[in-house]
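A short worksheet on the structure shown next.
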Amino acid sequence: MSEILMEDIRLIPHLFRHESGRIISALTNYWGIQYLEDAEDITSDTFLKAMEHWPYHGIPENPAGWLHRVARNLAHTYYRRNRLFQDKIVRDLGMGSTQEVPEIVFDPQKIVDGQLQMLFRICSTDLTPAHQIALSLRILCGFGIEEIATALLASRDTINKRLYRAKEKLRRSADFAMTISMDKGKSIDSVLRTLYLLYNEGYYSESNDQILRKDLCREALYLTHLLLEDPSTCRPDVYALLALMSFHASRFNTRINQMGEMVLYEKQDPQQWEEKLIDQGVYFLHQSAQGDHLTSYHLEANIAYHYTRKEEHVDKWKSILELYDLLLKINNSPVIALNRIFAFSKVFGDLRAIEELGKIDVIPNQYFFLLKGVLYREIDHDKAMVFFLKAIAVTHSERERQFIRSQYLVDEAISFLYWH
Amino acid sequence: MDEFILLMRHEDGGKIASPEQMQIWMQQTRDWINSIIAEGKFVGGTGLPFDGACVVDSAGIVTNGPFGDIKETIGGFIHVKANSVEEAVAFAKGCPVLQGEGNTVEVRRIAKNHV
């Protein structure tokens with residue numbers, strides 16, 4: 001009897017989630033974005049059918065193929081029966097002809113085309129990044145409302161509203177005849193930006209659901225990787241973003257400890273960094289070094305690369321500082337400016353870094369005070385503590401507050417205990 | 001040896017579940033049935049789609065599901081062999097449907113076709 005168990009096929013993780021994105025995109029690609037909701041219904045009916053059959057009769061040898069076949073059959077039945085068909089007849093009658101029901105085919109090329117089409121549509125529709133991220137997770141990545149809400153630390157209600165509005169806009173975008181011939185080269189910047197933000201949502205999210213945060217990063221990597229499948233979007237900046245994501249991902253497990261607390265870079269265990277992802281990042285980084293367009297993804301990927309180098313070395317920090325100098329020219333943001341000062345301190349020392357910090361024009365937030373505290377730690381301990389306390393006072397995040405307390409104020413508490 | 005039907009009663013989860021959740025439920029149900037197959041006690045079974053389900057009453061009136069005031073209805077059943085009702089109940093206790101609050105598995109002995 002055990003043979004039956006041995007031979008039983010186990011599904012690859014997240015198969016339904018991924019197939020959801022594939023099937024919805026493929027169907028909408030055939031029918032037009034107006035039928036997004038119908039495509040979503042057919043997709044969830046497809047999984048229902050699997051739930052009704054597979055547990056009792058065994059998991060088919062080719063689960064994805066089974067799902068595609070069922071989705072195609074459901075879609076054909078739907079197409080014949082529903083309003084969609086009538087709409088077409090009315091239109092076709094006006095044109096004096098009746099058309100055959102289009103045959104839906106799920107071949108690998110069609111699936112990738114459909115996903116890319118959907119990705120570009122979502123990212124080039126006039127939506128806020130928050131809407132684009134929620135919509136990508138829902139449609140392309142097959143996330144449920146609950147999962148999106150948990151991952152983005154928002155209420156179900158907020159996510160529902162966000163999705164409703166985003167879908168409305170998406171449907172209206174159909175009027176502008178965004179068809180397959182869409183200029184991918186032009187809108188790829190916004191696609192990369194959305195994917196970058198989607199990744200960061202997972203990487204920096206304060207959600208306690210570690211698995212879901214990781215899933216978000218994995219999905220962003222997966223969608224970015226899809227861009228390599230099409231010659232018009234297989235570009236150096238795509239490789240650079242993939243390199244950046246891979247390097248960050250390699251340190252994912254060490255950034256948060258088992259208690260769910262953030263771990264400082266200098267306290268992370270390099271033995272736990274994932275070598276395979278670092279190698280993957282290096283490969284993508286090499287691929288990105290083509291052409292003459294240096295993007296912020298290139299620079300960030302290079303910085304992330306240096307962070308995966310285990311040995312502390314002044315050259316490492318010199319390289320990072322140079323990269324931050326270049327990055328600031330492209331993107332003059334306070335976060336980058338503060339990160340640059342940290343690298344600066346590693347090269348030129350804390351005193352000069354404090355001077356440098358005085359020169360930049362940023363609204364003091366928790367990161368500003370935290371950095372100032374770190375720079376003063378060796379120079380004036382009491383002053384450093386004041387800055388750490390200020391950082392605690394201005395942050396709105398409980399996790400950050402906890403982090404600053406445990407990482408920077410603990411030493412102080414211990415010495416206090418020893419004195420008394 | 002007796003034979004039993006295990007009737008799974010639950011809500012129509014398909015309308016609210018995410019693909020990930022459905023994959024998990026599917027796999028759990030498969031694993032549960034596999035454990036019964038491994039003992040050589042599984043006879044058969046199937047899922048029952050909620051879609052298009054209806055009820056005919058004594059007046060001949062047909063109503064669409066869900067059925068009455070309860071939201072939970074039969075979403076599937078399995079047919080097993082067991083030495084006793086206790087053994088059949090033990091199978092039922094492993095059913096993943098029971099993870100959902102309010103869901104039930106009803107255990108019914110099949111009448112033997114001999115005297």
Side-chain angles (χ1 to χ4, degrees), chain A residues 1-24 40-41 43-60 63 66-67 74 137-151 156 159-160 211-212 215 219, chain B residues 5-53 65 73-81 91-92 94-100 103 105:
Chain A
M1 272 301 171
S2 63
E3 287 83 13
I4 294 174
L5 288 172
M6 296 278 285
E7 283 171 18
D8 199 48
I9 288 160
R10 283 210 79 85
L11 288 183
I12 55 166
H14 315 303
L15 177 82
F16 283 16
R17 195 183 257 175
H18 283 148
E19 287 307 327
S20 168
R22 292 189 174 127
I23 297 170
I24 292 174
E40 286 185 285
D41 287 347
T43 307
S44 74
D45 284 349
T46 302
F47 297 132
L48 265 185
K49 287 243 181 288
M51 277 180 77
E52 287 158 12
H53 284 87
W54 296 4
Y56 308 97
H57 309 293
I59 295 171
W66 192 99
L67 294 171
L74 287 172
L137 285 172
R138 177 69 175 167
I139 298 176
L140 284 164
C141 309
F143 276 50
I145 306 287
E146 189 82 53
E147 290 154 4
I148 300 174
T150 309
R156 288 177 57 100
I159 297 301
N160 263 325
I211 294 168
L212 214 48
D215 282 350
E219 292 302 323
Chain B
I5 295 288
L6 275 47
L7 298 162
M8 293 167 253
R9 275 211 180 77
H10 54 90
E11 268 190 76
D12 181 1
K15 295 281 174 255
I16 44 146
S18 68
E20 185 79 355
Q21 189 59 58
M22 285 166 101
Q23 176 165 345
I24 292 168
W25 284 341
M26 198 288 300
Q27 190 72 60
Q28 286 176 339
T29 313
R30 181 63 194 157
D31 291 345
W32 171 57
I33 289 173
N34 255 343
S35 69
I36 302 171
I37 291 174
E39 292 188 42
K41 301 279 176 67
F42 183 74
V43 182
T46 187
L48 298 170
F50 288 84
D51 193 38
T73 187
I74 299 169
F77 66 85
I78 62 165
H79 178 180
V80 298
K81 286 186 261 188
F91 287 146
C95 180
V97 153
L98 296 175
Q99 290 166 14
N103 294 347
V105 177

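Contacts between A:His14 and chain B at a heavy-atom distance below 4.5 Å involve backbone atoms as well as side-chain atoms. Only the side chain of B:Ile78 comes within contact range of chain A, with at least one heavy atom under 4.5 Å from a heavy atom of that chain.
Residues B:Trp25 and A:Met51 are in side-chain contact: their nearest non-hydrogen atoms beyond the backbone lie under 4.5 Å apart.
Here the CZ atom belonging to A:Arg17 is positioned 10.5 Å from the CD atom belonging to B:Gln21, to the nearest 0.5 angstrom. With rounding to the nearest 0.5 angstrom, the CG atom of A:Asp45 is 6.5 Å from the CG atom of B:Asp51.
Nearest heavy atom pair, residue B:Ser18 against residue A:Glu147, reads OG-OE2, 2.7 Å. The minimum heavy-atom distance between A:Leu11 and B:Gln23, with the atom names listed, is CB-NE2, 3.6 Å.
Per-residue heavy-atom pair counts under 4.5 Å with chain A were compared for B:Ile33, B:Thr29, B:Thr46, B:Ile24, and the maximum is reached by B:Thr46. Across A:Tyr56, A:Phe16, A:Phe47, the residue that shares the most heavy-atom pairs under 4.5 angstrom with chain B is A:Tyr56.
For the pairing with A:Pro55, the side-chain contact (heavy atoms from CB on, under 4.5 Å) check across B:Met26, B:Gln27, B:Gln28 returns one residue only, B:Met26.
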